[in-house]
Amino acid sequence: MIFFISDLHLSPRSPGATRLFLQFLAGRARQASDLYILGDLFEAWVGDDDIDEPYHAELVAALRAASDSGLQISLLHGNRDFLLGAGFAAATGIRLIGDPYILSTPEWQFVLSHGDALCLDDTAYMAFRAQVRNPEWQSALLAKPLAERRAIAAHMREVSELSHRGKDSSYTDLNPTATDDFLRQHGYATFIHGHTHQPARHDHIIDGIHVERWVLADWQETRGESLVWDGEMLSREAILPENQP
């Protein structure tokens with residue numbers, strides 16, 4: 001069994017979602033062989049030297065315990081936690097993977113991505129993405145003192161929240177033509193991604209071939225969600241607080 005999750009946006013400002021994730025890691029997740037986190041595990045990550053901050057340390061310890069239990073955890077970067085690095089991977093026992101990532105199982109083939117690289121119609125976001133994914137920009141940011149990086153992250157979050165106010169949806173959807181090209185380039189594999197906070201299953205017909213695209217839900221304070229592959233089919237599974245049906 002394989003679990004897929006995305007867009008938890010964990011921070012001290014989301015204690016409910018944090019408890020759900022810790023509960024999930026200690027319980028249900030360990031019934032699977034693999035857990036794939038498809039970006040934005042954290043609301044912000046300013047560098048692996050922030051790993052000992054108490055909130056982060058609790059989550060790192062939980063990930064380490066799950067990894068040590070035999071659960072293989074793989075993570076690709078989102079648009080909020082693109083600075084997660086080798087230090088975080090070593091501390092938690094997880095595996096950092098590229099985006100996109102081809103997952104082949106004995107029964108099926110998937111292509112995994114955060115999804116934001118295909119949001120081509122949001123030109124302002126694509127410019128931001130190009131900047132923050134630039135290795136030189138990242139190196140310059142990581143060279144700044146930790147306190148300054150935290151202040152920069154807080155400012156970027158405020159700007160993002162202001163830009164989303166009043167919109168029907170905070171995130172632009174994937175560009176249809178680019179998505180079809182992406183699916184064609186990756187062998188018509190079943191596509192799983194997050195980022196848009198618009199959970200759904202889409203059916204694409206490309207070159208006469210039916211391809212499924214599954215969009216993961218973002219996590220809320222009282223409800224999370226995983227996508228589950230049981231070797232035969234994909235299904236959604238709610239992650240609720242303990243003692244809640």
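The structure displayed is predicted, hence computed values, not measured ones.
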_Donor on one side chain, acceptor on other, D121 and N175, under 3.5 Å_ = yes
_Please check: side-chain N/O of H77 versus main-chain N/O of L84, any donor-acceptor pairing under 3.5 Å?_
yes
*Ignoring hydrogens and angles, state whether a donor on the side chain of W108 or T190 is under 3.5 Å from an acceptor on the partner side chain.*
yes
*Under 4.5 Å between any side-chain heavy atoms of M126 and L120, yes or no?*
yes
*In terms of side-chain heavy atoms, does S74 have a donor or acceptor partner in Y101 at a distance below 3.5 Å?*
no
*Does a donor on one side chain and an acceptor on the other come within less than 3.5 Å for Q220 and T222?*
no
*Has the side chain of T92 got a donor or acceptor atom that lies under 3.5 Å from a matching backbone atom of L63?*
no
*asked:* Could you work out, with salt bridge (Lys or Arg N to Asp or Glu O under 4.0 Å) as the rule, every residue matching R19, not counting sequence neighbours?
replied: none
_Checking side-chain polar atoms at under 3.5 Å, does D7 have a donor or acceptor matched by the opposite partner on H195?_
no
*side chain to side chain contact (heavy atoms under 4.5 Å, CB included) against D50, all qualifying residues, sequence neighbours excluded*: V46, E53, H56, L146, R150
*List in chain and number order the residues that pass side-chain hydrogen bond (donor to acceptor under 3.5 Å, both in side chains) with S11, two or more places apart in sequence or in another chain; answer none if no residue qualifies.*
none
*How about D218 and H9: does a side-chain donor come under 3.5 Å of a side-chain acceptor?*
no
*In chain order, what residues pass the side-chain hydrogen bond (donor to acceptor under 3.5 Å, both in side chains) check against S33, with sequence neighbours excluded?*
none
*F3 and L216: same hydrophobic cluster, using ILVMFWY side-chain contacts below 4.5 Å?*
no
_I'd like to know if W219 and L75 are part of one continuous hydrophobic network [Ile/Leu/Val/Met/Phe/Trp/Tyr, side-chain heavy atoms within less than 4.5 Å]._
yes
*List for me each residue that meets side chain to side chain contact (heavy atoms under 4.5 Å, CB included) alongside S139, sequence neighbours excluded, and say none if there are none.*
none
*asked:* A quick test of your reading: do over 12 heavy atoms of other residues, nucleotides or ligands sit less than 6.0 Å from CD of E107?
replied: yes
*Which word best sums up how the rings of F82 and W137 line up, parallel for under 30°, tilted for 30 to 60°, or perpendicular for over 60°?*
tilted
*salt bridge (charged side-chain N to carboxylate O under 4.0 Å, His left out): which pairs involve residues 225-241, sequence neighbours left out?*
R28-E237, E225-R236
*For atom NE2 of H155, is the number of surrounding heavy atoms from other residues, nucleotides or ligands below 6.0 Å larger than 12?*
no
_Do L103 and L76 sit in one hydrophobic cluster, given that two such residues count as connected whenever their side-chain heavy atoms are within less than 4.5 Å of each other, even indirectly?_
yes
*Which residues share a side chain to side chain contact (heavy atoms under 4.5 Å, CB included) with E221, sequence neighbours left out*: S14, P15, A17
_Linked, directly or transitively: L8 and I51 (ILVMFWY side chains, under 4.5 Å)_ = yes
*What residues form a side-chain hydrogen bond (donor to acceptor under 3.5 Å, both in side chains) with R133, not counting sequence neighbours?*
none
*Show your working on ring pair (Phe, Tyr, Trp, His ring centres under 6.0 Å) between W229 and F110 and close with a plain yes or no.*
CA-CA 11 Å; W229 172 251; F110 305 91; 5.1 Å; yes
*Apply salt bridge (Lys or Arg N to Asp or Glu O under 4.0 Å) to D49 and list each qualifying residue two or more places apart in sequence or on a separate chain.*
R149
*Less than 6.0 Å separating the ring centroids of F191 and F182?*
yes
*For the hydrophobic clusters of this structure (ILVMFWY residues joined by side-chain heavy atoms under 4.5 Å, transitively), does one cluster hold both F4 and L25?*
no
*Would you please name every residue forming a side chain to side chain contact (heavy atoms under 4.5 Å, CB included) with R184, sequence neighbours left out?*
D181, Y188, I206, D207
*Shortest non-hydrogen contact from D40 toward R80*: OD1-N, 2.7 Å
*At their closest point, which heavy atom of A189 faces which heavy atom of L183, and how far apart are they?*
O-CD2, 3.9 Å
_My understanding is that only residues two or more places apart in sequence, or in another chain, count here; which of them pass side-chain hydrogen bond (donor to acceptor under 3.5 Å, both in side chains) with H193?_
R213
*Trace of the side chain to side chain donor-acceptor pair (under 3.5 Å) decision for Y36 with S6*: CA-CA 8 Å; Y36 285 87; S6 182; over 6 Å; no
*asked:* Give me the atom names and distance for the closest heavy-atom approach of G47 to L142.
replied: CA-CD2, 3.9 Å
*Quick one: salt bridge (charged side-chain N to carboxylate O under 4.0 Å, His left out) pairs with a partner in residues 86-100, sequence neighbours left out?*
none
*Start with the C-alpha gap between L22 and L59, add the side-chain angles, then the distance that decides, and say whether side-chain contact (heavy atoms from CB on, under 4.5 Å) holds.*
CA-CA 7 Å; L22 293 173; L59 288 166; 3.8 Å; yes
*Heavy-atom distance under 4.5 Å between the side chains of H204 and H202, does that happen here?*
yes
